[in-house]
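Below: the structure, in C-alpha cells.
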Protein chains: 2
Amino acid sequence: MSEKTNPTRKRLVDAATKLFYAEGIGRVSVDAVAEKAGLTKRTLYYHFKSKDDLIAAYLDGRDQPNLEQMAGWFDAAEGGADKKVEAIFTNLARVARHPKWKGCGFLRTAAELAAMPGHPAVKAGARHKTNFEKWLAGALSSHDIAQSKMLAREIVLLMDGAFSSMLIHHNPDYVNAAGHAAATLVRARMAGKHAA
Amino acid sequence: MSEKTNPTRKRLVDAATKLFYAEGIGRVSVDAVAEKAGLTKRTLYYHFKSKDDLIAAYLDGRDQPNLEQMAGWFDAAEGGADKKVEAIFTNLARVARHPKWKGCGFLRTAAELAAMPGHPAVKAGARHKTNFEKWLAGALSSHDIAQSKMLAREIVLLMDGAFSSMLIHHNPDYVNAAGHAAATLVRARMAGKHAA
DNA sequence: GCTTGTATATTCACTAGTTGGTATACTTAC
DNA sequence: GTAAGTATACCAACTAGTGAATATACAAGC
C-alpha cells in the first residue's frame, strides 16, 4: 500500500494536523498524537521515523488543500483581478475571526523551527509558499496583468504580513488593510500599465 | 531598587533574550536561562513569578532597542521618504543574512503562543508593533506624506511579510522586494497625492 | 562599637510529571 | 511460517516549579 494512502498513516497525520495546528508543534507530544489517532505511540513510530518526520508529513499534507482554498476564493469572486485578489483577503479576514483560527501553519512552524533552518518541515513550508506564489502569478497573468511575477510576490508578502499581524493583534482590520493594498497594487498594473 | 534596573534581574533578562531569540521560547528551559546568567533557577523564580513572566520581560526589553534600530536606519538614509523607508528594508536584508538572525522575536513568540492569545508576551509583541506603526506614521507625516497612517500600516504589513518570508525561504530577495513595494507605495502618496 | 532584628537576595536539594524514543512480544493476513 | 502491523511496558533525560535553609545588607537600640 502506498505511503500516502495508508489508512493508519492517514489517521496519524490527521490527528497530528489537528493538534499541531491548534497547539503548535512544540506543545504537542507524540503520545498525544497517537492517543488522538486511537493508536499507540509505538505504532506511530512504525509509520514515522521521528517526530520531525511527522511534522513534515503534517505540512506536506496541507499544501494542496490550502492552495485549493485560496484558488476557490479567487475563482468564486465577481469582478476583475483586483476584486478577485481582494476576495482572498476578505475571506481570510472572515475565517480568521473564528476562535479556532491560529494563523498560517506553515509560518508558525517555520517560526518554531527558526533554529533549524534545514528542517524538512521548514522546507515543506517554503515549497508551499513558492507553490502559492507561482499559482498566483499564473492566475494574474491569465487575467492580463503585467509584471505578474513581481506583483504575485508583493501580494504574497502582504498576505504573510496579514497572517502575522492578525496573529499578534487579533484584529482583522490588518487583513483587510492588506487586501486593500493588494488590490491597489493589482490595479496599478491592470490594462497593460507598468510601474517603476 | 527599581525592578527595571535591578542588576540581577537584568542579567536574567539578558540571558533569556539571547537564548529565547536564538532557540525559541519553547526550546529553552528556565534552567538553561539561569545557568547562562550564572545563577540558580531558584533565584530566577525569586525575580520572576513564572517562565511566562520572564518571556514577557524579554519582549518588553526589546521594544525600545528595536524601535531605535529602525529609526536609526530611517534617519541615516539619504534622499526622500521613499528612500528612507526602503533603507529600513535594505538594512534588514543585510542583517538577515547573518546566521544568527532568526526572524522577528515578537512575531516568532506570537506564533509559538498562538494557542494563548491573551498571554502577556503576545500583548507585549502587539504593543511593540503598534509602537512601530505609530512611529512610522509620524515620521512619514513629518515628511509631508499624505494618508500617513494608512501608508504606515501597509508598510508594517510588508515588513512583517518580509520577516516571515525571509524566515521560511532564507532568501533576502523577499525582503528587498518588500522594500521596493514599500517605496512604491510611499511615492504614490508623496507631494500631496492621494490614492483610491 | 556592638548586637540584634528584619527584609532582600541567593543557594541546594527536591518533587511530580512529561518527553522522545525503544525492546520485546503478540496478532493477523496470506 | 512469514512478514507487516500493532500493543504493553519501559527508560533515561528533561521539565516547570517549590521548601527550607542560608547569606548579605542595613538600620535601631543601647
Side-chain angles (χ1 to χ4, degrees), chain A residues 1-59 109 112-116 118-122, chain B residues 1-59 109 112-116 118-122:
Chain A
M1 183 174 295
S2 143
E3 185 174 271
K4 299 285 178 186
T5 59
N6 179 308
T8 304
R9 186 188 154 100
K10 183 172 185 309
R11 273 167 72 193
L12 287 162
V13 173
D14 286 351
T17 298
K18 282 175 190 152
L19 292 174
F20 285 154
Y21 181 73
E23 319 239 8
I25 58 169
R27 304 175 94 86
V28 172
S29 67
V30 290
D31 295 83
V33 173
E35 191 188 346
K36 179 110 182 168
L39 298 161
T40 62
K41 179 165 55 171
R42 194 63 190 81
T43 300
L44 187 155
Y45 274 99
Y46 178 79
H47 291 276
F48 301 92
K49 72 176 206 295
S50 66
K51 184 181 182 180
D52 288 337
D53 195 29
L54 177 62
I55 298 166
Y58 145 55
L59 288 189
T109 303
E112 279 204 61
L113 299 176
M116 308 163 75
H119 192 291
V122 177
Chain B
M1 182 173 296
S2 141
E3 186 174 89
K4 298 286 180 187
T5 59
N6 180 310
T8 304
R9 187 189 152 98
K10 184 172 184 309
R11 272 167 72 192
L12 287 162
V13 173
D14 286 351
T17 298
K18 282 175 192 152
L19 291 174
F20 285 154
Y21 181 72
E23 319 241 7
I25 59 170
R27 305 176 91 87
V28 172
S29 68
V30 291
D31 295 83
V33 173
E35 190 187 346
K36 178 111 183 167
L39 298 162
T40 63
K41 177 167 55 173
R42 198 67 188 79
T43 301
L44 187 155
Y45 275 100
Y46 178 79
H47 292 276
F48 301 91
K49 73 176 205 297
S50 65
K51 184 180 180 181
D52 288 337
D53 195 31
L54 177 63
I55 297 166
Y58 145 55
L59 287 189
T109 303
E112 279 204 59
L113 299 176
M116 309 162 75
H119 192 291
V122 177

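Scope of the values below: all heavy atoms of this structure, side chains included, with no hydrogens, waters or symmetry mates. None of these values were measured; they are calculated from a predicted model. Letters A, B, ... mirror the listed sequences (proteins, then strands); counts begin at 1.
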Open item on the list: As a quick check of understanding, evaluate side-chain contact (heavy atoms from CB on, under 4.5 Å) for B:Y58 and B:T109, giving each step before the final call.
Closed with: CA-CA 10 Å; B:Y58 145 55; B:T109 303; 4.0 Å; yes
Open item on the list: Could you measure the distance from the CD1 atom of A:I25 to the CD atom of B:E112? Nearest 0.5 Å is fine.
Closed with: 8.5 Å
Open item on the list: Give me the atom names and distance for the closest heavy-atom approach of B:A57 to B:F48.
Closed with: CB-CE2, 3.8 Å
TODO: State, with a plain yes or no, whether a side-chain heavy atom of A:H119 is found less than 4.5 Å away from one of A:D52.
DONE: yes
Open item on the list: Using whole Å, what does the distance between atom P of nucleotide C:dG21 and atom NZ of A:K51 come to?
Closed with: 8 Å
Open item on the list: Without decimals, in angstroms, what is the distance between B:D53 CG and D:dA16 P?
Closed with: 14 Å
Open item on the list: OP1 or OP2 of D:dT6 versus the side-chain N and O atoms of A:T8: is any pair under 4.0 Å?
Closed with: yes
Open item on the list: In this structure, how many angstroms lie between the C1' atom of D:dT15 and the CG atom of B:L44, rounded?
Closed with: 14 Å
TODO: Quick one: closest heavy-atom pair of A:A121 and A:L113, and the distance?
DONE: CB-CD1, 3.9 Å
Task: Minimal non-hydrogen separation, B:A115 against A:A22, with atom names - done: CB-O, 3.5 Å
- [ ] Give the rounded distance in Å between these two atoms: OH of B:Y46 and P of D:dG19.
- [x] 16 Å
TODO: Return no unless some side-chain N or O of A:H47 is found under 4.0 Å from OP1 or OP2 of D:dT6.
DONE: yes
- [ ] Tell me which residues in residues 24-40 of chain B put a heavy atom below 4.0 Å from DNA chain C, sorted by number, or none.
- [x] B:L39, B:T40
Protein-nucleic acid N or O pairs under 3.5 Å, nucleotides 22-26 of chain C:
residue : atom : partner : partner atom : Å
C:dA23  : N6   : A:R42   : NE           : 3.2

Side-chain donor-acceptor distances from residues 11-21 of chain A under 3.5 Å, at least two apart:
residue : atom : partner : partner atom : Å
A:R11   : NE   : A:A37   : O            : 3.3
A:R11   : NH2  : A:A37   : O            : 2.7
A:D14   : OD2  : A:K10   : NZ           : 2.9
A:T17   : OG1  : A:V13   : O            : 2.7
A:Y21   : OH   : A:K102  : N            : 2.7
A:Y21   : OH   : A:G103  : N            : 3.3
A:Y21   : OH   : A:G103  : O            : 2.7

Open item on the list: Does atom NZ (B:K51) have a neighbourhood of more than 12 heavy atoms from anything else shown, all under 6.0 Å?
Closed with: yes
